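Single-structure report; data block below.
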There are 2 protein chains.
Amino acid sequence: MGSKNLDIVTKALAEKGLKITHQRIVVYQAIIATDKHPTAEQIYDLLKEQNPSISLATVYKTLETFVENRLVNKVSTPQGTMRYDARTDNHNHIYISNTNEILDYEDEELKGILMNYLEKKQFENFNITDFKLQIKGEKINPKKGINIS
Amino acid sequence: MGSKNLDIVTKALAEKGLKITHQRIVVYQAIIATDKHPTAEQIYDLLKEQNPSISLATVYKTLETFVENRLVNKVSTPQGTMRYDARTDNHNHIYISNTNEILDYEDEELKGILMNYLEKKQFENFNITDFKLQIKGEKINPKKGINIS
DNA sequence: GTAGCTGCAAACGATTTGCAGTGTT
DNA sequence: AACACTGCAAATCGTTTGCAGCTAC
């Protein structure tokens, strides 16, 4: 498990000029290890098993620091709570309302279509920093996954 | 001003089987009168001038009732606060981060492109209820408006 | 050594709730 | 008259903050 991973993590922190603390390492490892877009509290719950002394406030502060340094993304949900995402590139989200899941959805064709569309449009006095398609819906069978083809 | 409007409002409430109360009427009028995607508190502040006895909790409850009855939409923002929108049809949003504004953005061409794209894709075990493009960016001159062409 | 980080507890802002009283049907 | 709706205050939830002690650099 850890050490190859650890190199990546410490390097990422160092590149941003952040102090390499135990808490930052474990929080960062936790986020990059999942694609489930966890809340701060979910990360805290996960970590405190192995790190009983970590505090929820530190998890929040750490995540906020990561967001400022563009190591993670913060996304708002239809429920009003924030979730964190280790992917910082432009990608789309699928909100599954009956299971409360968020799925990443990336498709080069879609990206091309949207970029092409937005470039064609003239936005006067506006600088686009980011765009994404948000797809909302529900699983027909909540126990099963979704297949896209 | 009011009475033509009032008919529409009371009719909308009646169609949903909701009791026609003064509070519901003024809340609904307030939302349909703006395209600014106000928060519950902003609606409350606006209304209490003319309706000093209205309570913030009632505004929240009323809005929630409207959302359940699909009279208004609730949208989450990057700041984590909820905003309400009288438009319940599918449309896109532009988030302006330096002024904290939300603009509706509708374009038939874009709608066509997206619907066409999504229809072509097969989502197995998933029912799409809604989709929208979220465009984030900032105004170059915050005092001025945005023109799209 | 010192600036920056952590943990705790308290504070906060947005939203929800319980309940007694009021209004609509 | 019955039931749903309102207003108030208190409760709750997610998140932030202040500060004293600790740690990486």
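As the structure is a prediction and not an experimental result, all values here were calculated from the model.
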**Request:** Tell me what B:Thr58 touches on the nucleic acid: a base, only sugar-phosphate, or nothing, going by heavy atoms under 4.0 Å.
**Result:** base

**Prompt:** Within the structure shown, what part of the strands sits under 4.0 Å from B:Ser53 by heavy-atom distance: base, sugar-phosphate, or nothing?
**Reply:** sugar-phosphate

Check whether any side-chain N or O of [X] sits under 4.0 Å from OP1 or OP2 of [N], and answer yes or no.
X	N	value
A:Tyr60	D:dT15	yes
A:Gln79	C:dT15	no
B:Thr21	C:dG23	no

Give the nucleotide from the list [options] with an atom nearest to the side chain of [X].
X	options	result
A:Arg24	C:dC5, C:dG7, D:dT15	C:dC5
B:Lys19	C:dT17, C:dT24, C:dT15	C:dT24
B:Ala57	C:dG7, C:dT15, D:dC8	D:dC8
A:Gln23	C:dT25, C:dG7, C:dT16	C:dG7
A:Lys61	C:dA9, C:dT6, D:dG14	C:dT6

Atom [atom1] of [X] to atom [atom2] of [N]: distance rounded to whole Å?
X	N	atom1	atom2	value
B:Leu13	C:dT25	CG	P	10 Å
B:Ile25	D:dT6	CD1	C1'	14 Å
A:Lys48	C:dG7	NZ	P	13 Å
B:Glu68	D:dA4	CD	C1'	14 Å
B:Asn69	D:dA4	CG	P	14 Å
B:His22	C:dT22	NE2	C1'	15 Å
B:Glu64	C:dT17	CD	P	9 Å
B:Ile54	C:dT22	CD1	C1'	15 Å

**Asked** Closer to the 5' end of DNA chain C via nearest nucleotide, is it A:Leu18 or B:Tyr84?
**Response** A:Leu18

**Message:** Quick check against the 3.5 Å criterion: does A:Arg83 have a side-chain atom that pairs as donor or acceptor with the backbone of A:His37?
**Reply:** yes

**Asked** Are the side chain of A:Lys139 and the backbone N or O of A:Lys144 linked by a donor-acceptor pair below 3.5 Å?
**Response** yes

**Side chains of A:Phe66 and A:Arg24 in contact at under 4.5 Å (non-hydrogen atoms)** = yes

**Request:** Kindly indicate whether the side chain of B:Leu71, heavy atoms from C-beta on, has any atom under 4.5 Å from the side chain of B:Ile31.
**Result:** no

**Message:** Can a side-chain donor-acceptor contact be found between A:Thr65 and A:Thr62 if the only test is distance below 3.5 angstrom?
**Reply:** no

